[in-house]
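Here is the structure we will look at, set down as structure tokens.
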Amino acid sequence: MAIKGSGSHRSAEASIDELGQLARTAGAKVVGKIIQQLASPVKQFYVGRGKLDEIIAKKADLNYDLVIFDDELSPLQQRNLEGILKVKIIDRVALILDIFAKRARTREGRLQVELAQHQYLISRLAGQWSHLERLGAGIGTKGPGETQLETDRRLINRKIQHLKDQIEDVRKQRGLYRQQRKKSGVPIVSLVGYTNAGKSTLLNALSGASVIAKDEPFSTLDPTTRRLVLPDGKAVLLTDTVGFIRKLPPDVIAAFRATLEELDEADLLLHVVDISAGDAAEQCETVENILKELELAEKPRITVLNKIDGLLGAGQKWDESSVLENLPENLPPPGDNTVIISATRGWGFGKLLEVINQTLAKSR
């Protein structure tokens, strides 16, 4: 379920299709989708009353038991929707956090996911005790409810602080490790990009690593670093980090601060873009905006236009001119800081390594 808002219909379709992919990744079966054209979400139900009636009417045919909304719902909206639809209601943030929780492998990753989940939960605590508000004024209607709510808040805040302390310890350990790497003088090259852009596949292909690389969102959550030898014989450390995605709240990004500090220490960023995606330019813009939020916009960068094999017909040989003919609009053309490749086919690797070499040489 998505609100079109002021964006284009194509943008709304891409976002809702992505939500469906996220739902399938989490293990759900998608039975339908709805987009409503509104200037902004309705305060009480997120959608208009007419659209809400349409969702209710579809229940008999689709037999759904879960409705996922493409934006973050307020506690009021979630509570009202569950009351009317009589099914579980979650939003995009909760769905992403669920996937993160399933994918986190390291202690650091699990701590970061748990922190983000608790920060998401605490803003919704008041809604869990809304039944007390409906009892009205009088004896016994305020004290117990407020006491329980405050108790829950205190427990969750205590847990959040404990998680932050643990993550800070991990952050310090990672900082010491980064200092050791810096002393070695080996440059650090970090892969960034939209989720499912092919970062892990590229890391595996270039370095011989065996990082999980699936055609689904967030197949890799924890950072991985591997050694890579460039054409001039010099070595670099190549690091893969968590993929970005649209509508990712600041609290979630903040929870992964320890991981994303890898980007801050990098000498060079490789921004991997899936040019076979219908909304490649928007995905690219999402990554650029998050890099700005992380104050990394000025970091030396190479744009890597990946999955060029997805633009070519069956049996068609690849060359730069044939790719340029099919290149999506609003993406940078190949040049000094932009390279076209196929991580699965190994196309364009020679040029990519050459440009990495040249860019690092300029920044030294």
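Only heavy atoms go into these numbers, but all of them, side chains included; no hydrogens, no water, no symmetry mates.
- Clustering ILVMFWY residues whenever any of their side-chain heavy atoms sit less than 4.5 angstrom apart, transitively, puts L76 in a cluster other than the one holding L38.
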**Item:** From CA spacing to verdict: side chain to side chain donor-acceptor pair (under 3.5 Å), Y120, D91
**Value:** CA-CA 11 Å; Y120 175 81; D91 58 23; 2.9 Å; yes
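- Taken together through direct or relayed side-chain contacts under 4.5 Å among Ile, Leu, Val, Met, Phe, Trp and Tyr, V30 and I68 form parts of separate hydrophobic clusters.
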**Asked** Stepwise, does the salt bridge (Lys or Arg N to Asp or Glu O under 4.0 Å) test hold for R92 with E72?
**Response** CA-CA 6 Å; R92 187 183 185 92; E72 185 171 1; over 6 Å; no
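- Partner I356 forms a side chain to side chain contact (heavy atoms under 4.5 Å, CB included) with one of L230, V304, L238 and no other, that one being L230.
- V47 and V87 fall within the same hydrophobic cluster, defined by Ile, Leu, Val, Met, Phe, Trp and Tyr side-chain heavy atoms under 4.5 Å apart, directly or through other members.
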**Asked** Run the side-chain contact (heavy atoms from CB on, under 4.5 Å) check on L206 and L352 step by step: do they pass?
**Response** CA-CA 10 Å; L206 289 176; L352 173 59; 4.2 Å; yes
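- Under the 4.5 Å side-chain criterion, counting only non-hydrogen atoms from C-beta, I302 is in contact with V339.
- Without hydrogens or angle criteria, K299 side chain to A266 main chain gives a donor-acceptor distance under 3.5 Å.
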N/O donor to acceptor pairs below 3.5 angstrom from side-chain atoms of residues 59-67, sequence neighbours left out:
from : atom 1 : to  : atom 2 : distance (Å)
K59  : NZ     : L85 : O      : 3.1
Y64  : OH     : I55 : O      : 2.7

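- Side chains of Q161 and D165: a donor on one and an acceptor on the other come within 3.5 Å.
- The six-membered or imidazole ring of Y46 lies near that of F69, with a centre-to-centre distance under 6.0 Å.
- Counting only heavy atoms from C-beta outward, the side chains of L270 and L268 approach each other to under 4.5 Å.
- In this structure, E282 pairs ionically with R246, as a charged nitrogen and a carboxylate oxygen lie closer than 4.0 Å.
- Every residue two or more places apart in sequence or in another chain that forms a side chain to side chain contact (heavy atoms under 4.5 Å, CB included) with D17 is listed here: E13, K33.
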